[in-house]
Each structure stands twice: as C-alpha cells, then as structure tokens.
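Report on one structure; see the data block that follows.
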Amino acid sequence: MIEAMRWMLWREIALAMRRKTEVLTTLFFFIIVVSLFPLGVGPEKETLSQIAPGVLWVAALLASMLSLNRLYAEDYLDGTLEQFLLGAQPLALLVFSKILAHWLLTGLPLVLMSPVLGMQLGLDVDSILLMALTLLIGTPALSLIGSVGAGLTLGVRGGGVLLALLVLPLYIPVLIFGSGAVDAARTGVGADAHLSILGAISVLAALLAPWASAAALRISLD
Amino acid sequence: MLKAAGLECMRGDRILFSNVKLELDAGELLHVKGLNGSGKTSLIRMLCGLVMPNAGEIFWGGESISDLKEDYLANLLYIGHHLGVKAELTGLENLKINAALGGHPISEDQAWDALEKIGLRGREDLPAKVLSQGQKRRVALARMLVTKAKLWILDEPFTALDVDAVKMLEGVLNDHLHQGGMVILTTHQAYTPPKTTVKYLQLGEAT
Amino acid sequence: MWNSASDFFAMGGYAFYVWGSYGVVFLFFAMEIALVIRRKRTILQRIARIARMNRE
Amino acid sequence: MQIFTKAFWLQLSSPKVFYPVAGKLAPWFAIAAAILFVIGLYVGFFVAPPDYQQKDSYRIMFIHVPLAWMAMFVYIVMCGYAAIGLIWKTRLSTMMASALAPTGAMLTFLGLWTGALWGKPTWGAYWVWDARLTSFLILLFLYMGYMALENAIDDPQRASRASALLGLVGIVNIPIIYFSVKWWNTLHQGMSVSTSGISMEPSMKIAMFTLAFAVWFYTIAIALTRVRSIILERERHAAWVVDLAKAGGR
C-alpha cells in the first residue's frame with residue numbers, strides 16, 4: 001500500500017520535473033495577480049497592507065484552482081488514470097498521494113513566495129510570517145477540495161470555468177479563516193482560533209476528499 | 001472462475017446490449033466479436049469493473065466483483081485502446097510504476113528483461129514520446145511479462161503491431177493460457193488462436 | 001386596517017419595496033409554471049412526431 | 001398498510017409507475033399552495049398590525065423568510081434525493097433531484113431579492129453583508145454549480161451521478177460555510193439582519209408559516225410536473241412513452 005503511494009508520489013514529481021514550465025506558470029500567475037492590485041488600488045502603503053491578506057489569499061485560491069485540471073486531465077487522456085482505477089490499491093489512497101504531490105508542486109511554492117509578495121504589499125514582518133503559516137495550513141484544503149471538482153468535471157467541455165463555479169464556493173471557509181487570521185492578529189484578537197479552525201478544515205478535507213475524488217473518478221470513467 | 005449473467009449496458013439512454021451471459025475458466029480464451037458500436041468495449045470495461053452494469057452481475061470465483069473490489073483487481077490486467085503509457089516517462093519507468101500499482105513491484109532487472117523480451121532492446125530507457133505507436137504498444141504489452149494477474153482483458157491488442165510482434169504476442173498468450181491463465185480479447189485482425197479451448201461471444205448482429 | 005384601496009396600495013409609503021418584492025416573487029412563480037407546462041407539452045409533441053416518423 | 005411495505009416504495013421508484021402518480025398528485029399540491037397563498041397574504045396584509053418601528057415595510061418579511069427557509073430546505077431535500085439515487089442507484093430519485101434544482105435556485109434568488117428590497121428601507125442599503133444573506137448568496141452559487149455540472153455532461157446517467165456527488169459535497173459544506181460566514185460577520189462587526197427587532201405578534205407568525213407551507217406545496221407541485229418531463233425525456237425510447245405520446249397523453 002505505502003509502496004504504491006510512494007511510487008505515485010515519485011511519478012507525479014518526476015513528471016512535473018520533466019515539464020518544469022507547468023509548475024512555474026502557477027507560481028507566476030500567483031505573483032502577477034497579486035502585483036495587479038497595487039496597480040489597481042493605488043500604491044499607498046496603508047490601503048495595500050490593509051487588503052494584503054485578502055489579496056494574497058484570493059490569488060492563492062485562483063492559482064491553486066487553475067492548476068487543478070493538471071491533476072487528472074492528462075492521465076485521463078493517455079489511459080493511465082484507468083490503470084489507477086484497476087490497480088490493486090484502494091483508489092482513495094492513490095488519489096491522496098496524487099493530491100499530496102499536487103500540493104507540493106503548487107501549494108508549497110505559494111507559501112514560500114508569499115513573504116516576498118507580503119513585503120511588496122507593505123505587510124509588517126510578523127503578519128508576513130503569519131500569512132505564510134495560514135497558507136501552509138490552508139492550501140492543502142484547496143488541493144483536496146479542488147481534486148473533487150477536478151474529478152467531477154473530467155473530460156467535460158467547458159471544464160475550466162465549470163470547475164471554478166463548482167470549487168470556489170467550497171473554498172470560501174478557507175478564504176475566510178485564512179485571511180481572517182492575519183486581520184485578527186493585527187487587531188490584537190489573536191489568530192490561534194482561526195489557525196485551529198483552518199487546520200480542522202484541512203484535516204476534514206484530508207479525510208473526506210480522497211474518498212469523494214475516488215468516487216468522482218469512478219463516475220467520470222463509467 | 002469468471003461468470004456473468006443477464007448483463008445489460010445503457011449508454012446515454014440507448015441499450016447497447018442486454019442479458020449477455022458468459023463463463024470462463026482456467027486456460028480458456030474468450031474472443032468477443034461484434035461490429036464497432038455494438039458495445040464490445042463497454043462489455044470489456046464492465047468486466048473490469050470500470051462500467052457499472054445496468055442489470056446483471058459478474059462473479060469471480062463465486063463472489064460478485066463489486067464486493068471483491070481490490071481482490072478481484074489484483075488478479076486482473078487490462079490493456080485498452082488508451083495504452084496507459086506516460087509520454088514523458090521512459091519505458092522502464094512506465095513498466096515499474098504499472099507493476100507497483102498492480103500490487104507486484106518489480107526490480108530494475110526484471111523491467112529490463114521484460115522490455116528486451118518484448119522487442120524494445122536499446123530503447124528501454126528512452127522517453128515514450130520518441131517511440132513509435134507500435135513500440136509504445138509494446139511497452140504496454142510488456143506488462144504481461146511481469147504481471148501475476150490470472151485474468152487478462154485486452155482490447156484490440158494486435159493493432160499497430162508488425163508481423164513478428166503479433167507472433168510474439170500469440171506466444172505470450174499461449175504460455176499464459178497453458179499456465180492456467182485466462183484471456184478475454186477483442187480484435188478485428190486475423191490471428192492464430194492458441195491450442196487451448198477458445199470461446200466466442202457475439203454482440204449485436206454477426207458480421 | 002386600511003381605510004381605502006389607495007391607502008392599501010401606498011403601503012405606508014413603502015409601496016415600491018413591498019409591491020416590488022411580492023410582484024417579482026409571483027411574476028417568477030407564474031413564469032416557472034408556464035415554462036414547466038410548456039416543457040412537458042413540447043417533449044410530448046416531439047416524441048409523438050418521432051413515433052409518427054418511425055411508423056412511415 | 002400497503003404504504004409501509006418495501007415493495008410499495010420499490011415499485012413506486014420505477015419511472016413508469018411514478019409518472020401517472022405524479023400527474024395525479026401535482027394538481028392537488030397546486031391547489032393547496034394557491035389556497036395557502038391566499039390565506040397567508042390575507043393574514044399578512046389585513047390582519048397583522050403595522051410594526052411600530054418599520055411600519056408597513058416589514059410585511060416583506062412574510063414572503064422573505066419562507067423563501068429563505070424553503071431555499072435551504074429544498075437544497076437539503078434535493079441532496080437527499082441525490083444521495084438515495086447515488087447509493088441505491090434508483091434513477092427516479094436523481095431525476096427528482098434535478099427536478100428540484102431550478103425551483104430551489106429560483107427560491108434562493110427571490111429570497112435575496114426580497115431581502116434586498118426589505119433591507120433598503122430598513123437598514124438603508126440594498127445589500128448588507130449579513131451572515132444569513134451572504135450564506136444564501138453562496139447557496140445560490142451551489143445551486144448554479146449543481147445545474148451547470150448536470151447540463152455540461154451529455155450522458156444523463158453520468159450527469160445525474162456526478163451532480164448527486166456534488167450535492168453530497170455541498171451538504172457537508174453548508175454548515176461549514178454558514179459557520180464561517182457567521183464568524184466572519186462577527187469579526188468585522190457587520191450588520192445583522194434579524195427578525196428579532198420586530199415584536200412577533202401571533203398573526204405575523206401565522207402569516208409566515210402559512211406562506212412557508214404555500215411555498216413548499218408550490219415547490220412540490222412544480223417539481224412533480226417537471227420530473228414528469230424529465231422522465232419523458234430520459235425514457236423517450238421506452239415503449240410506454242411512445243404509446244403515451246401517440247395517444248396524445250397528458
């Protein structure tokens with residue numbers, strides 16, 4: 001069981017390394033979206049740092065959602081996805097390692113890049129660190145929930161926009177507690193309540209999403 | 001060993017086929033015949049558990065495959081139209097990953113031998129995207145040399161294969177059947193059937 | 001309660017809001033009823049037409 | 001009682017049997033809805049006294065609250081049908097789910113519409129980021145997602161199973177979304193739209209509950225009629241449908 005999951009993780013990372021541009025496009029999308037806001041809202045430091053957590057989180061949401069179809073789309077086309085369904089391993093575990101790989105390739109880079117963008121938006125140091133922490137705890141939930149949407153819209157025409165319509169409403173709790181944590185810390189209320197709830201959402205997603213994604217894949221490949 | 005009765009398949013809201021019956025035991029080959037669109041591929045995928053039958057049940061060793069799930073799949077090897085070969089990965093990597101996911105990981109040497117035997121000498125470690133369609137199919141077929149699965153389900157296995165590849169594949173099928181394995185296949189090309197018992201299943205009107 | 005019809009429709013000065021809400025609600029209800037009935041009629045006619053075509 | 005035997009429900013779950021049953025039931029629910037609407041509106045406009053603060057604009061509450069309740073209730077019923085259809089593979093229940101979706105979405109939209117028109121005179125703005133109103137906006141997105149997914153997939157079986165699974169995911173998320181929006185609302189000291197500001201006379205409660213049942217019966221009547229069209233569309237090749245159409249059936 002664990003062997004197969006390790007193989008799956010190795011496979012995903014090897015594939016991504018052979019097509020580095022794909023990983024970087026998600027990251028650059030994140031950077032571009034965040035950089036648009038000062039141009040739109042104006043460069044004043046107060047307004048920017050006020051909206052910074054929300055901006056960073058919305059950009060992280062959009063970036064991780066855009067990279068979701070890479071999860072299953074190619075494997076669906078070349079028949080490897082079928083082989084996973086026919087593998088002797090429980091599909092939910094294979095899907096879990098696939099989502100883990102997706103998070104390592106898209107979620108983690110966002111977390112590592114967020115301090116730089118935080119500075120760009122005039123956040124103070126401990127807000128920047130807290131921001132990175134909320135992203136670290138929250139982005140796994142984005143990949144997990146998104147994977148269910150990706151499974152459902154596999155091979156469906158207009159899948160991209162449809163995926164956004166399905167998945168973004170489900171991202172809202174993560175957005176609220178993620179950006180809310182930084183605001184709460186800044187106003188002195190303290191962010192540990194937000195962080196624990198964000199962690200709870202990620203754990204709940206980690207338990208339910210692989211099973212739901214496996215069911216979605218079986219439905220799509222029927 | 002494998003038994004199915006009353007199988008019905010619905011695609012969209014059309015019934016492709018209904019109350020299909022089949023039985024297969026060790027050492028037997030089942031050749032599913034039928035025009036394109038008669039539901040051959042759907043039946044094949046149904047036997048793999050990929051497609052849910054509208055009616056009827058499939059049994060493996062007396063137990064329904066929907067209850068057995070992974071235990072049934074551990075005994076199953078399926079090669080479909082889509083070969084399941086990743087273009088960016090080399091033949092070796094593809095073979096090792098598929099074997100690991102099939103529940104029987106193989107060593108590097110076993111992978112090299114299998115690819116060599118299947119006729120890919122010298123191309124074992126090239127990314128699959130540089131291989132020809134026939135060579136890609138050989139990478140997929142190489143899984144037959146390393147699998148421990150008893151039931152092989154092959155959808156058009158002979159397509160894009162040259163003459164000696166077809167002969168080699170027939171040999172592999174023969175050995176598998178003689179060791180008590182089972183094969184279900186669909187094909188439009190002529191092939192010399194193995195010396196063991198061969199059953200035929202006609203879907204839709206005869207050609 | 002209301003001493004005249006015009007007083008009722010004025011709704012204490014909130015006519016626009018109250019009748020705006022109730023009006024739209026029942027307008028949508030009426031539209032949905034019409035759509036649902038039309039949908040059933042068209043599907044029945046289409047099936048009948050196909051059946052007639054198959055017969056010829 | 002025959003109604004409690006498993007066979008009764010199993011047999012009823014076949015579209016062929018359910019089609020005429022739905023045809024007989026729908027008119028009764030429609031009539032009941034009409035009667036309840038008349039009673040509810042009469043009580044709401046002619047019996048309930050004006051509110052000392054909001055005077056007559058609060059009467060919008062009599063339709064806004066039932067719409068909001070029913071929008072949520074219909075979503076839960078819809079996902080219940082979807083779950084039954086997914087687990088027991090009865091085609092009729094997934095058809096019932098897709099029959100409920102458009103009406104549920106409409107109720108949610110109307111709930112938001114009436115909420116906005118009620119908000120303007122009372123709190124000075126058409127849109128208030130109140131916890132409940134925001135949750136209903138998200139509920140509308142969930143409905144749209146459900147219907148969009150169902151229309152995007154051609155094969156009706158896969159479409160109903162995929163949207164059923166989406167419904168299940170939605171059900172799990174509804175409490176989380178509502179909880180997080182409520183938390184978000186309190187953190188930002190947002191406005192809170194609540195009926196608690198109004199001293200609830202018994203006549204007001206009667207009006208609201210009558211209208212709630214009216215909306216519910218209306219939804220059942222519409223869903224039963226729509227499910228009949230869906231049955232016809234999905235079973236158009238079946239013999240009984242062709243005969244029914246040829247006979248110009250109702």
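In the text below, chain A, chain B and the rest are named by the order of the sequence lines, each starting its count at 1.
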Query raised in the report: Which residue pairs pass the side-chain hydrogen bond (donor to acceptor under 3.5 Å, both in side chains) test when at least one of the two sits in residues 167-185 of chain B, sequence neighbours left out?
Result: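 Applying side-chain hydrogen bond (donor to acceptor under 3.5 Å, both in side chains) to every pair that reaches into residues 167-185 of chain B, excluding sequence neighbours, yields B/Glu170-B/Thr192.
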
Query raised in the report: By salt bridge (charged side-chain N to carboxylate O under 4.0 Å, His left out), which residues pair with B/Glu28, not counting sequence neighbours?
Result: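 B/Glu28 satisfies salt bridge (charged side-chain N to carboxylate O under 4.0 Å, His left out) with B/Lys199 once adjacent residues are dropped.
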
What's the shortest heavy-atom distance between [X] and [Y], and which atoms?
X       : Y        : value
A/Leu86 : B/Cys48  : CD2-O, 3.4 Å
A/Leu85 : B/Leu73  : O-CD1, 3.4 Å
A/Ala88 : B/Gly102 : CB-O, 3.5 Å

Query raised in the report: Which distance, rounded to the nearest 0.5 Å, do you find between the CD1 of B/Ile97 and the CG of A/Leu15?
Result: 7.0 Å

Query raised in the report: Can you say whether B/Leu83 sits under 4.5 Å from chain A via the side chain, the backbone, both, or neither, judging by heavy atoms?
Result: backbone

Query raised in the report: Can you say whether A/Leu77 sits under 4.5 Å from chain B via the side chain, the backbone, both, or neither, judging by heavy atoms?
Result: backbone

Less than 3.5 Å apart and able to act as donor and acceptor by atom type: which atom pairs between chain B and chain A qualify?
from: B/Arg11; atom 1: NH2; to: A/Asp222; atom 2: OD1; distance (Å): 3.4
from: B/Arg45; atom 1: NH1; to: A/Glu82; atom 2: OE2; distance (Å): 2.1
from: B/Arg45; atom 1: NH2; to: A/Leu221; atom 2: O; distance (Å): 2.7
from: B/Tyr78; atom 1: O; to: A/Gln83; atom 2: NE2; distance (Å): 2.9
from: B/His82; atom 1: ND1; to: A/Leu77; atom 2: O; distance (Å): 3.4
from: B/Gly84; atom 1: N; to: A/Asp78; atom 2: O; distance (Å): 2.9
from: B/Lys86; atom 1: NZ; to: A/Asp75; atom 2: OD1; distance (Å): 2.4
from: B/Lys86; atom 1: NZ; to: A/Asp78; atom 2: OD2; distance (Å): 2.9
from: B/Glu88; atom 1: O; to: A/Arg18; atom 2: NH1; distance (Å): 3.1
from: B/Glu88; atom 1: OE1; to: A/Arg19; atom 2: NH1; distance (Å): 3.3
from: B/Glu88; atom 1: OE2; to: A/Arg19; atom 2: NH1; distance (Å): 3.1
from: B/Glu93; atom 1: OE1; to: A/Arg18; atom 2: NH1; distance (Å): 2.8
from: B/Glu93; atom 1: OE2; to: A/Arg18; atom 2: NH2; distance (Å): 2.7
from: B/Leu101; atom 1: O; to: A/Ala88; atom 2: N; distance (Å): 3.1
from: B/Arg143; atom 1: NH2; to: A/Gln83; atom 2: OE1; distance (Å): 3.2

**Report entry** Any residue of residues 112-121 of chain B which, by heavy atoms, sits under 4.5 Å from chain A
**Finding:**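 Within residues 112-121 of chain B, near chain A: nothing under 4.5 Å.
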
